[in-house]
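Quick notes on the structure that follows.
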Amino acid sequence: MIEQQNMTIVSHRSIAEDIFELVLEGSLTNRMTSPGQFVHVKVTSGSDPLLRRPISICSINQSLNQFTMLYRVSGSGTGTKVLSNLPKGSKVNVLGPLGNGFPLDELEAGQSALLIGGGIGVPPLYELSKRLTERGVNVTHILGFQQKSAVFYQEEFEELGDTYVATVDGSHGIKGFVTDVVDQLSLKSDAYYTCGPTPMLRAVEQKFEHTTGFISMEERMGCGIGACLACVCHVNGDESGLLYKKVCSDGPVFKRGEVIL
Amino acid sequence: MIEQQNMTIVSHRSIAEDIFELVLEGSLTNRMTSPGQFVHVKVTSGSDPLLRRPISICSINQSLNQFTMLYRVSGSGTGTKVLSNLPKGSKVNVLGPLGNGFPLDELEAGQSALLIGGGIGVPPLYELSKRLTERGVNVTHILGFQQKSAVFYQEEFEELGDTYVATVDGSHGIKGFVTDVVDQLSLKSDAYYTCGPTPMLRAVEQKFEHTTGFISMEERMGCGIGACLACVCHVNGDESGLLYKKVCSDGPVFKRGEVIL
Amino acid sequence: MNRLAMELPGLSLKNPIMPASGCFGFGKEYSEFYNLNELGSIMIKATTRETRFGNPTPRVAETSSGMLNAIGLQNPGLDHVMEHELPWLEKYDVPIIANVAGSTVDDYVEVSKRISTAPNVQALELNISCPNVKHGGIAFGTDPHTARELTQKVKEVSSVPVYVKLSPNVSSIVDMALAVEAGGADGLTMINTLVGMRLDRKTGMPIIANKTGGLSGPAIKPVALRMVYEVSQKTSLPIIAMGGVQDAYDALDFISAGASAVAVGTANFVDPHVCPTIIKDLDQILQEWNVNHILDLRGRSWMTHGEAAHHRA
Amino acid sequence: MNRLAMELPGLSLKNPIMPASGCFGFGKEYSEFYNLNELGSIMIKATTRETRFGNPTPRVAETSSGMLNAIGLQNPGLDHVMEHELPWLEKYDVPIIANVAGSTVDDYVEVSKRISTAPNVQALELNISCPNVKHGGIAFGTDPHTARELTQKVKEVSSVPVYVKLSPNVSSIVDMALAVEAGGADGLTMINTLVGMRLDRKTGMPIIANKTGGLSGPAIKPVALRMVYEVSQKTSLPIIAMGGVQDAYDALDFISAGASAVAVGTANFVDPHVCPTIIKDLDQILQEWNVNHILDLRGRSWMTHGEAAHHRA
Ligand SMILES: Cc1cc2nc3c(=O)[nH]c(=O)nc-3n(C[C@H](O)[C@H](O)[C@H](O)COP(=O)(O)OP(=O)(O)OC[C@H]3O[C@@H](n4cnc5c(N)ncnc54)[C@H](O)[C@@H]3O)c2cc1C
Ligand SMILES: Cc1cc2nc3c(=O)[nH]c(=O)nc-3n(C[C@H](O)[C@H](O)[C@H](O)COP(=O)(O)OP(=O)(O)OC[C@H]3O[C@@H](n4cnc5c(N)ncnc54)[C@H](O)[C@@H]3O)c2cc1C
Ligand SMILES: Cc1cc2nc3c(=O)[nH]c(=O)nc-3n(C[C@H](O)[C@H](O)[C@H](O)COP(=O)(O)O)c2cc1C
Ligand SMILES: Cc1cc2nc3c(=O)[nH]c(=O)nc-3n(C[C@H](O)[C@H](O)[C@H](O)COP(=O)(O)O)c2cc1C
Ligand code: FES
Ligand code: FES
């Protein structure tokens, strides 16, 4: 069940250049089941910004009634900029949890998973990694960022499994893209899970043509619940061009090959 | 000189139903000279609300670099409602001081002044009363409110001089309008100073036909500095109908009879 | 006492609040949030003769107090709507207003003829104002002559009253209203979106793949209100008004301007519960104000200030 | 290197930023905040043949991300402007664009003829788009034929280039632009305000005494941007664009859409320093982006997405 709730900011801090970690408290947390789901956040009660912002659930702490999201401030005058100014104690209106997350039962204990995240696509992989390791799955992370100042959550991921960080300019970790890391280290796995910019998703999909994979998509949204048809994508193999999936409610996670990236 | 400055909220509290007292700190305070001037307040940095809000200067503390304003939250979804939610420590952008205030040199020590305020027109009379009493002028206040829950600053005014409070419904003080108080107590003075809703200003002007008086006007504003011509009023005795005064920069205080109320 | 119920051509409304077309799909998603029976009516997503995918994405962009959309009339097509969407809605006791779109006059006529026979469709809303498709849509909504003819043709075949949805992108909204009135329209719905655009700050390219989109939300409310004010005084057709409604006071503004009922679009995306909240608040406000029926407030903005003073006294 | 200077018909601009007419008076008030020499130009308040008081108050009302105004062309009249306002402005090295208004064609012709002879008036801006007066104004700005004739007549008498200010309240802004181009206009300024309305929540009466007013501010920027995008691709006239500009990025959006220069209206009320701030920021952004001249960005939104990808490679 999707719910709308005014949640309380219990912690809010900058963790990398333009990247913030926001911890929210409220009973809505109980409804969060699947890693990879997202919430739709109304930053202020006024009409500027008007629309909600889709942000992934990064980690869930049901005993504390809290969940964490990580977000990037995308510029001056943006909704995320306004959000970043809210102090601890403020209320934020959250609609969620939305969409379908990454399936956990695809892998069993002892099998291996590759989690590949790019930039602000990294956050949803964190809860996923926690859940997979709980199941006994061996998890390897490849996290790609623009440059050193943009890197976040490296230690958190390292606690859960092997973690390779790549930066485009080589200022931290391996120089290059996440797919370069896969090539250099000849990484293999029983399944992969990925979230990040569309060109990265495409490159990952091509690289692992024969591996089970799950891909989290991004699209500009209106309603976030499947009613407005803002966020549709085409379906692979549909010659009519008329079939579609809604990223918000059918996704954001799709099985590899299901939709056209 | 008018200046624009981000000032800091040092105190912010509710003092009556929907009435807030806001104390702001910043060097702009040094420019405030005359009681009855106002500031133009940008409540948030976004575009909702877009325009500034004109609010009177209620008291000035130049040694602390602080000034006080009192304002009424005029409803849900209004700019003043947004303002009322800003906590201590927040910044508020202030343009000011604006306009021409009440003249102080009209009266000398020993003379008497009647200060008549209605509702949210009461605040500017407070700094005026302080300045007049400093000069040795005997000050009497008549303050009118809708009902008991709306009364504010009664004690503050009582410290400066005789103070009569009237409420329309009689729930506090004298029942009726400020002009009823004038009638009942046959109050007289060497000059009067008044601020409040236009019908009240008209009634006061009529009541004291032969007394020197100063009237503070209200009008919806755009720029607040005399450029947009949003806030004009007609001039008394101008047969052409073409003469005008700008409330923001020629006023808000006018000499009795100068402009058409 | 029921302060909110009313009769409009074809429609028995429990209350005058309904979701606007395209902002509510065919109801399924919002039925997870509340019982759709609470609504006065539902304006379903535009239906065309054939299945349509619509425009490429991105399809939406935010602007100051507004949003742009260029969905491009994506919909499953007339057959699917008749066979699945409308029957699903039959479990609710809510009259449906079917939004009809097409590329040609024939399209409109064909869809209107068939969809107006569905048992729960109590009125049609002719969408001659969609700014996001190459053919049809707004092309019918900016020329009075074309709009009048289309209305006439649809009236001939429709089994239910026909409301025409006006575009605000015109020099004279009154001329358009009079034209469709002359064409036999039973009511008006207004306004559709204003054509607008947003560019990416860095690349300077349009954010929306369709380049331009339709502007909705609070930003357009002043324009919508003015148009309802003008049109309601020049025609005798009832108006279902929309454009930037976020709360009960916004809805009352449109009634004061001369509308009879009010639709809510973009605000559903911000708050899925907005329609039932408005309905509840309306009733409470009217009670506070001692107003027996919401239509007692209809057109109160028309008075001159002199009349208003008199009225208040 | 000067990234911002440019030549437009009649105007040698240090930079493309100027206050919009009616939002800056005749400059005196803002001269207390900064040196007016910093500005590219100044569009002075509409001048009519006779002194005008304008409309009754209230004249302004706020809306979501916008404001309504119905000043009603209050101004001291042609004689006073020629004898006092323009001479006062001569102390600044800034070209003046004189905004001309009237009730009849004769009015426009007379004001244009005389005001264009003032030494610092380098261009006229024909205001055929004021929505707040009963006679003239927008009446000239919604009919292409009338607009063309007026432009022609003014061109015959004006000693300086003539820009025509377009109204957005039309079905086809391109038709209006082409009409005034055919009438001999040297440039376009766009957009004036959208006609809108706000009601008092309690009484339901219009807040503005004139009932309707002109909507300006960020709310209308998407509409303004779209119109500049359309018109700039259909005419060869240079465009001075306006509508909701608040910062340098907004100004760049209008250049990307096809304008050559940008005017700032409502934002002056919010921040009296907005014009010099935008000028400073523009220069810095262009430097960061390695753009030699702001006009290198002109019209970059016109590309198809394919071309844009190519261009970026
Ligand atoms: C399912 C999903 C999960 C996401 N998870 C995260 C996350 O965990 N952390 C994070 O930082 N970002 C995430 N994003 C991207 C995030 O939604 C955008 O960065 C954000 O909405 C931009 O808003 P703004 O206020 O910064 O920018 P503005 O420029 O003010 O945004 C204007 C409008 O465009 C939309 N928009 C702009 N960029 C994007 C984008 N890339 N994707 C979708 N909408 C966009 C905004 O939502 C808003 O409606 C996610 C997006 C989706 C679809
Ligand atoms: C010179 C002057 C001094 C003032 N001093 C005070 C004061 O000390 N304390 C106080 O509470 N109020 C004062 N007011 C009135 C105050 O400006 C309005 O109550 C306030 O602007 C309303 O804004 P809002 O956000 O509550 O309402 P909204 O409804 O959000 O306002 C919408 C728009 O209308 C304008 N507006 C609405 N009502 C008024 C009004 N009565 N006068 C002017 N503009 C209005 C707002 O400024 C805004 O632009 C003063 C007004 C003037 C002109
Ligand atoms: C995403 C979206 C899709 C829309 N689709 C349609 C549609 O299919 N048919 C139609 O007549 N209007 C459509 N509209 C217009 C709305 O019904 C409404 O007229 C407009 O949005 C103004 O109302 P609002 O400001 O409350 O959103 C759509 C609007 C939006 C935002
Ligand atoms: C208070 C006010 C007065 C205006 N007066 C005039 C005018 O005299 N002549 C004119 O051509 N435009 C006038 N305008 C319109 C502006 O010049 C401008 O076209 C419009 O406001 C859009 O720009 P903005 O959104 O930056 O304000 C006025 C606008 C405002 C807000
Ligand atoms: S965002 Fe509305 S359908 Fe996905
Ligand atoms: S508010 Fe602009 S002139 Fe007074």
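Just so it is clear, the values below take in all heavy atoms, side chains as well, and ignore hydrogens, waters and symmetry mates. Order of the sequence lines sets the chain letters (A, B, ...), proteins ahead of strands, with each chain counted from 1.
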When rounded to the nearest 0.5 angstrom, what distance separates [atom1] in [X] from [atom2] in [Y]?
| X | Y | atom1 | atom2 | result |
| --- | --- | --- | --- | --- |
| R220(A) | I207(C) | CZ | CD1 | 4.5 Å |
| Q4(A) | D271(C) | CD | CG | 4.0 Å |
| F33(C) | I2(A) | CZ | CD1 | 4.5 Å |

Would the number of heavy atoms belonging to other residues, nucleotides or ligands and lying under 6.0 Å from [atom1] of [X] be above 12?
| X | atom1 | answer |
| --- | --- | --- |
| D93(C) | CG | no |
| K255(A) | NZ | no |
| E50(C) | CD | yes |
| F177(A) | CZ | no |
| Q62(A) | CD | yes |
| R72(A) | CZ | no |
| K28(C) | NZ | yes |

For the student: nearest non-hydrogen atoms of [X] and [Y], plus distance:
| X | Y | value |
| --- | --- | --- |
| V60(C) | A230(A) | CG1-CB, 3.6 Å |
| V270(C) | L50(A) | CG2-O, 3.5 Å |
| I225(A) | E29(C) | O-CG, 3.2 Å |
| Y30(C) | C223(A) | OH-CB, 3.8 Å |
| D48(A) | S64(C) | OD1-CA, 4.4 Å |

If you tally heavy-atom pairs under 4.5 Å against chain A, which of [options] wins?
| options | result |
| --- | --- |
| T57(C), T266(C), N69(C) | T57(C) |
| G244(C), C23(C), G66(C) | G66(C) |
| P56(C), P218(C), G72(C) | P218(C) |
| R59(C), M67(C), R52(C) | R59(C) |

Q: Against chain C, work out which of H234(A), M1(A), H40(A) has the most heavy-atom pairs shorter than 4.5 Å and name it.
A: H234(A)
Q. Considering only heavy atoms, which portion of M221(A) lies under 4.5 Å from any heavy atom of chain C: side chain, backbone, both, or neither?
A. backbone
(Q) Under 4.5 Å from any heavy atom of chain C, what part of L95(A) do you find: side chain, backbone, both or neither? (A) side chain
(Q) What part of N55(C) gets within 4.5 angstrom of chain A, counting heavy atoms only: side chain, backbone, both, or neither? (A) neither
Q. Measuring heavy-atom distances to chain A, does F26(C) have an atom under 4.5 Å in its side chain, in its backbone, in both, or in neither?
A. neither
Q. Between R201(C) and S76(A), does a side chain to side chain contact (heavy atoms under 4.5 Å, CB included) hold up when you go through it step by step?
A. CA-CA 11 Å; R201(C) 190 188 268 192; S76(A) 64; 3.5 Å; yes
Q: On the 0 to 90° scale, with breaks at 30° and 60°, tag the Y244(A)-F53(C) ring pair as parallel, tilted or perpendicular.
A: perpendicular
Q: Take E62(C) and R52(A) through the salt bridge (charged side-chain N to carboxylate O under 4.0 Å, His left out) test and state the conclusion after the steps.
A: CA-CA 10 Å; E62(C) 183 166 313; R52(A) 292 173 178 272; over 6 Å; no
